[in-house]
Amino acid sequence: MRLNVLQRLLERLYQIEAGHNVEDFLITDANLATRLDNSTHARQLREKLLVYQDETGVHVSLYLDAEVLAHLQKHDPLRALTPQNLAEFLLALEGVSHFLYLVWNAACGRSVTLLELEMQAEVDKFLTVLSLARSQRRDLPPAVLRHALFDAVHFDRRLEGGYAVRYREANRYAGQFCFRLETNYLRRKRTKDMMQEIRRFYRLGQTEKIGRIHTLSA
């Protein structure tokens, strides 16, 4: 599976263009990723977006474990999304989602928060998996997918303080938003209206995203 192809799927979904290809910023060397990671309490992960900003601009790298990429090459989810490749696909999708959201907003002159990145990535997972399943003629009810992504989840016990809060909040808000997509649009087959909704949501900042979720839930 090519990460650039996955990026294009998201760009078409939201009608945006990043102007950069994620594969040009990809690293698979875990030691290099460790050296580049200057965050507090850095963790060993199979996927992480590495960001550094100085007076010259924003510097970005996306680290993905080489074994994850090898698995996706052997079992391409864009051809057949199955339980065998779903976990690796979601990991890669999260990385591409983070990259695209950060780069697109930076090009628009906007900053993003970590909660924003995580929240949008969770929404991207729901929409992309659902879209792929339908294009591959697989029966995947939105409610089943939503439960798997947002209800039947387990968080890393090593997460501390703000990290744990951020991941839980992102999961909660994204789950609420996807529930409203399901009830307001998918069940009623209002596909065109849903596309307008998700594209509007993508362009909102953190405060506006949360406000929109509350409005839809009211």
Side-chain angles (χ1 to χ4, degrees), residues 1-37 39 42-52 59-104 106 117-140 142 144-146 148-150 152-156 158 167 170-171 174 178 198 202:
M1 182 191 78
R2 292 287 304 275
L3 296 184
N4 285 347
V5 175
L6 186 54
Q7 178 183 335
R8 298 293 176 266
L9 289 177
L10 290 175
E11 288 179 327
R12 286 197 297 271
L13 183 66
Y14 296 115
Q15 290 187 333
I16 61 170
E17 290 185 13
H20 299 281
N21 292 322
V22 63
E23 290 179 9
D24 294 336
F25 298 82
L26 178 67
I27 60 175
T28 59
D29 185 327
N31 291 326
L32 176 58
T34 298
R35 294 198 300 271
L36 292 175
D37 192 346
S39 59
R43 296 181 295 143
Q44 296 297 319
L45 301 171
R46 294 193 297 165
E47 172 275 324
K48 62 172 69 177
L49 186 68
L50 301 162
V51 183
Y52 175 72
H59 307 273
V60 180
S61 294
L62 174 62
Y63 167 71
L64 273 177
D65 188 300
E67 292 184 0
V68 171
L69 290 171
H71 188 84
L72 294 173
Q73 284 294 106
K74 185 177 181 180
H75 308 283
D76 189 346
L78 299 182
R79 293 188 176 184
L81 184 61
T82 68
Q84 187 178 20
N85 58 23
L86 179 61
E88 287 80 4
F89 175 69
L90 291 177
L91 200 65
L93 175 59
E94 183 167 0
V96 174
S97 170
H98 288 340
F99 170 84
L100 179 61
Y101 193 72
L102 177 69
V103 169
W104 182 77
L117 281 171
E118 298 299 338
M119 192 191 323
Q120 186 61 54
E122 295 304 307
V123 173
D124 290 352
K125 291 175 187 178
F126 176 78
L127 293 170
T128 305
V129 171
L130 198 62
S131 176
L132 277 180
R134 290 187 171 182
S135 68
Q136 297 170 11
R137 301 183 183 280
R138 298 178 182 274
D139 182 22
L140 180 58
V144 172
L145 175 61
R146 182 174 48 79
L149 290 177
F150 302 113
V153 295
H154 302 281
F155 296 96
D156 190 338
R158 296 171 296 175
Y167 283 108
N171 178 269
C178 291
I198 64 173
Y202 194 89

Q: Evaluate side-chain contact (heavy atoms from CB on, under 4.5 Å) for Leu6 paired with Phe89, printing each intermediate quantity in order.
A: CA-CA 10 Å; Leu6 186 54; Phe89 175 69; 3.9 Å; yes

**Q.** Residue pair Ala174 / Val123: nearest heavy atoms and the distance that separates them
**A.** CB-CG2, 3.9 Å

Q: For atom CD of Glu67, decide whether the heavy atoms of other residues, nucleotides or ligands shown that lie under 6.0 angstrom number more than 12.
A: no

Q. Do the ring planes of Phe126 and Phe150 sit parallel (below 30°), tilted (30 to 60°) or perpendicular (above 60°)?
A. tilted

Q: Would you give the length of the straight line joining atom CE of Met119 to atom CG of Asn171, rounded to the nearest 0.5 angstrom?
A: 11.0 Å

**Q.** Pairwise side-chain contact, Val129 with Leu90, heavy-atom cut-off 4.5 Å (strictly under)
**A.** yes

Q: Let me see the working for Val68 and Thr28 under side-chain contact (heavy atoms from CB on, under 4.5 Å), right down to the final yes or no.
A: CA-CA 10 Å; Val68 171; Thr28 59; over 6 Å; no

Q | Reported CG-to-CD distance for the pair Leu10 and Gln15, which is rounded to 0.5 angstrom | A | 13.5 Å

Q: Examine distances only and state if a side-chain atom of Gln7 and a backbone atom of Val96 form a donor-acceptor pair shorter than 3.5 Å.
A: no

Q. Could you state the interatomic distance from CD (Glu17) to CZ (Arg8), rounded to the nearest 0.5 Å?
A. 8.0 Å

Q | Flag side-chain contact, heavy atom, 4.5 Å: Leu36 against Ser61 | A | yes

Q.
Do Leu145 and Leu149 have side chains that approach each other closer than 4.5 Å (heavy atoms only, starting at C-beta)?
A. yes

Q | Asn85 side chain vs Thr82 backbone, donor-acceptor pair below 3.5 Å | A | yes

**Q.** CE on Met1 to CD on Glu88, rounded to 0.5 Å
**A.** 10.5 Å

Q: Kindly write out the residues that satisfy ring pair (Phe, Tyr, Trp, His ring centres under 6.0 Å) with Tyr202, not counting sequence neighbours, or none if the list is empty.
A: Tyr14, Tyr101, Trp104

Q | Under 3.5 Å donor-acceptor, Thr128 side chain and Asp124 backbone | A | yes

Q: Check whether any side-chain heavy atom of Leu132 lies under 4.5 Å from a side-chain heavy atom of Ser135, and answer yes or no.
A: yes

Q) Is the side chain of Glu23 donor-acceptor paired with the backbone N or O of Asn4 at a distance under 3.5 Å, no angle test? A) yes

Q. Does atom CZ of Arg138 have more than 12 heavy-atom neighbours, drawn from other residues, nucleotides or ligands, at distances under 6.0 Å?
A. yes

(Q) Is the shortest side-chain heavy-atom distance between Val51 and Leu49 below 4.5 Å? (A) yes

Q. Quick one: CZ on Arg2 to CG on Asp76, what's the gap to the nearest 0.5 Å?
A. 11.0 Å

Q: Quick one: do Leu62 and Ile27 satisfy side-chain contact (heavy atoms from CB on, under 4.5 Å)? Show the steps, please.
A: CA-CA 6 Å; Leu62 174 62; Ile27 60 175; over 6 Å; no

**Q.** side-chain contact (heavy atoms from CB on, under 4.5 Å) assessment of Ile198 paired with Leu13
**A.** CA-CA 9 Å; Ile198 64 173; Leu13 183 66; 3.8 Å; yes

Q.
Using modelled atom types and a 3.5 Å cut-off, is there a donor and acceptor pairing between side-chain atoms of Ser97 and backbone atoms of Leu93?
A. no

Q. Is there a side-chain contact between Asp65 and Glu47, using heavy atoms and a 4.5 Å cut-off?
A. no

(Q) Given 3.5 Å as the limit, does a donor-acceptor pair link the side chain of His71 with the main chain of Gln84, or not? (A) yes

**Q.** Nearest non-hydrogen partners of Ala18 and Val103, listed with the distance
**A.** O-CG1, 3.8 Å

Q. So how far is it from Leu3 CG to Asn21 CG, rounded to the nearest 0.5 Å?
A. 10.5 Å

Q: Measure the shortest side-chain to side-chain distance between His98 and Glu118 over non-hydrogen atoms and say whether it is less than 4.5 angstrom.
A: yes

Q. Does Asp37 reach the main-chain N or O of Lys48 with its side chain, forming a donor-acceptor pair under 3.5 Å?
A. no

Q: Please examine the side chains of Pro142 and Leu130, heavy atoms only from C-beta on, and report whether any two atoms are closer than 4.5 Å.
A: yes

Q) Is the count of non-hydrogen atoms from other residues, nucleotides or ligands lying under 6.0 Å from Gln136 atom CD greater than 12? A) yes

Q) If you look at every heavy atom in Asn31 and Asp29, which pair is closest and at what distance? A) N-OD1, 2.8 Å

